[in-house]
2 protein chains.
Amino acid sequence: MDYNTMCPRYEVAIDIIGKKWTGLIIRVLLGGSRRFKDIKKQIPEMSDRMLTERMKELESVGIVSRQVYPETPVRIEYSLTEKGESLRSIIESIQSWSEQWVEDCELQK
Amino acid sequence: MDYNTMCPRYEVAIDIIGKKWTGLIIRVLLGGSRRFKDIKKQIPEMSDRMLTERMKELESVGIVSRQVYPETPVRIEYSLTEKGESLRSIIESIQSWSEQWVEDCELQK
DNA sequence: CAGTATCCGCTACGATACTG
DNA sequence: CAGTATCGTAGCGGATACTG
């Protein structure tokens with residue numbers, strides 16, 4: 001294994017998907033394209049500000065695409081790109097790992 | 001899908017494995033038990049302080065175990081627990097995702 | 001060798017109020 | 001509806017020096 005060449009890429013990936021809310025947002029979008037308010041509804045504890053910030057980041061790294069429908073009021077649909085869809089197996093393995101290994105006592109902070 | 005029950009566990013998992021250096025440390029330990037200095041050698045950019053802090057965290061959540069051999073000088077060996085070993089598939093899928101999708105241009109910050 | 005101890009800047013994140 | 005704009009704070013993580 002060559003750690004010098006493979007470490008940086010790995011850390012970039014963690015930077016993207018390891019941030020708070022990101023995994024939850026992607027998981028919602030794995031169910032299909034969603035509007036801003038619908039993502040919020042699925043993750044009620046997250047603030048507007050956070051959702052906006054995460055969506056911009058995810059869009060800028062090519063994981064999410066943003067479609068504007070110029071109706072009144074305007075409708076915005078977010079969906080996963082191919083790159084975003086490719087995260088499915090990672091998200092799912094973290095999900096099942098956490099179900100198996102994260103204890104109840106760790107849930108309250 | 002029940003987001004109310006599954007979100008918290010997922011976020012706890014991300015809290016653990018999403019921190020800086022954690023993934024790299026676990027990857028080193030996937031190769032077998034290692035001493036402090038050997039982990040450092042594999043991840044030269046990381047400071048002592050960070051390695052110490054991460055190892056304590058990983059030990060406290062049961063991912064890593066710490067063996068003290070009271071020689072002179074003292075020898076400490078870190079290894080993955082069963083819970084830690086079970087992270088292999090996650091680490092590997094992030095690894096291969098990053099090789100496929102992280103661009104060269106994203107590597108410099 | 002395997003850590004501790006400090007100091008400290010930065011920025012991630014939350015809360016709240018406002019807008020095209 | 002889909003965001004901005006501001007403000008405020010905890011704590012993450014880097015640098016450096018020291019130790020049993």
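We name chains A, B, ... by the order of the sequence lines, and we start the count at 1 in each one. What you see is a predicted model, and the numbers here were worked out from it, not measured in a lab.
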Novice: Is it true that a side-chain atom of A:Glu106 and a backbone atom of A:Glu103 form a donor plus acceptor pair closer than 3.5 Å?
Specialist: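 Such a contact is found between A:Glu106 side chain and A:Glu103 backbone.
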Novice: Measure the distance from CH2 on B:Trp21 to C1' on D:dC12 and round it to the nearest whole Å.
Specialist: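 Result: 13 Å.
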Novice: Between A:Tyr78 and D:dG3, is there a contact of a side-chain N or O with OP1 or OP2 at under 4.0 Å?
Specialist: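 Yes, because at least one side-chain N or O of A:Tyr78 sits under 4.0 Å from OP1 or OP2 of D:dG3.
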Novice: Nearest whole angstrom, please: distance from the P of C:dT4 to the CE of B:Met55.
Specialist: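 Between P of C:dT4 and CE of B:Met55: 12 Å.
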Novice: Atom CD of A:Glu77 and atom C1' of D:dG3: how far apart are they, to the nearest Å?
Specialist: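 Those two atoms, CD and C1', are 16 Å apart.
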Novice: Using the side-chain heavy atoms of A:Arg75, tell me which of these nucleotides is nearest: D:dT4, D:dA2, C:dC1.
Specialist: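 Closest nucleotide among those given: D:dA2.
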Novice: To the closest 0.5 Å, what do you measure between CD1 (B:Ile76) and CD (B:Glu71)?
Specialist: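 One finds 10.0 Å between CD1 of B:Ile76 and CD of B:Glu71.
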Novice: Over how many whole Å does the gap from B:Gln67 atom CD to C:dA2 atom C1' extend?
Specialist: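 Between C1' of C:dA2 and CD of B:Gln67: 15 Å.
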Novice: Grab the CZ-C1' distance between A:Arg54 and D:dG3 for me, whole Å please.
Specialist: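 Computing the A:Arg54:CZ to D:dG3:C1' distance gives 16 Å.
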Novice: Searching all strands shown, indicate the nucleotide that pairs with C:dC8 (Watson-Crick or G-U wobble; both distances under 3.5 Å).
Specialist: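 Its partner is D:dG13 (Watson-Crick or G-U wobble, both distances under 3.5 Å).
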Novice: May I have the distance from A:Ile14 (atom CD1) to D:dG13 (atom C1'), rounded to whole angstrom?
Specialist: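 After rounding, the gap between these two atoms is 16 Å.
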Novice: Both distances under 3.5 Å, Watson-Crick or G-U wobble: report the partner of D:dG20, or none.
Specialist: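 For D:dG20, the partner nucleotide comes out as C:dC1, under the 3.5 Å rule.
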Novice: May I ask you to check whether B:Arg66 and B:Tyr78 show a side-chain donor-acceptor distance below 3.5 Å?
Specialist: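 Yes, B:Tyr78 and B:Arg66 have a side-chain donor paired with an acceptor closer than 3.5 Å.
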Novice: Describe the nucleic acid contact of A:Thr52 in one word from base, sugar-phosphate, nothing, applying a heavy-atom distance below 4.0 Å.
Specialist: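 Result for A:Thr52 = base.
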Novice: Just N and O in the side chain of A:Lys41: are any of them under 4.0 Å from OP1 or OP2 of D:dC1?
Specialist: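 It does not, given that no N or O in the side chain of A:Lys41 lies less than 4.0 Å from OP1 or OP2 of D:dC1.
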Novice: Would you say B:Arg35 places a side-chain N or O within less than 4.0 Å of OP1 or OP2 belonging to C:dA2?
Specialist: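 Yes.
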Novice: State, without any angle test, whether A:Gln95 and A:Arg27 hold a side-chain donor-acceptor pair at a distance under 3.5 Å.
Specialist: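 A donor-acceptor contact under 3.5 Å links the two side chains.
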Novice: Mapping A:Val74 and A:Arg49 to their closest nucleotides on DNA chain D, which lands nearer the 5' end?
Specialist: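 With A:Val74 and A:Arg49 compared, the 5'-side residue is A:Val74.
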Novice: Does A:Met46 or B:Phe36 map to a spot on DNA chain C nearer the 5' end, using the closest nucleotide for each?
Specialist: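 Its nucleotide being nearer the 5' end, the pick is B:Phe36.
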Novice: Measure the distance from CG on B:Asp48 to C1' on D:dA15 and round it to the nearest whole Å.
Specialist: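 Spelled out: CG on B:Asp48 to C1' on D:dA15 is 12 Å.
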Novice: So, is A:Lys56 close to the D:dT4 phosphate, meaning a side-chain N or O under 4.0 Å from OP1 or OP2?
Specialist: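 For D:dT4, OP1/OP2 do have a side-chain N/O of A:Lys56 under 4.0 Å.
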Novice: Select one nucleotide: of C:dC13, D:dC12, C:dG3, the one nearest the side-chain heavy atoms of A:Lys19.
Specialist: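 From the listed options, C:dC13 comes nearest.
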Novice: Does A:Lys40 reach a base, just sugar-phosphate, or nothing at all? Heavy atoms under 4.0 Å.
Specialist: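 A:Lys40: no heavy atom of the nucleic acid under 4.0 Å.
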Novice: Using atom CD of A:Glu53 as one end and atom P of D:dG3 as the other, report the distance to the nearest whole Å.
Specialist: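 Nearest whole value for this atom pair: 14 Å.
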Novice: Thinking salt bridges, do B:Lys37 and B:Asp48 make one under a 4.0 Å N-O criterion?
Specialist: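 Answer for the salt bridge query: no.
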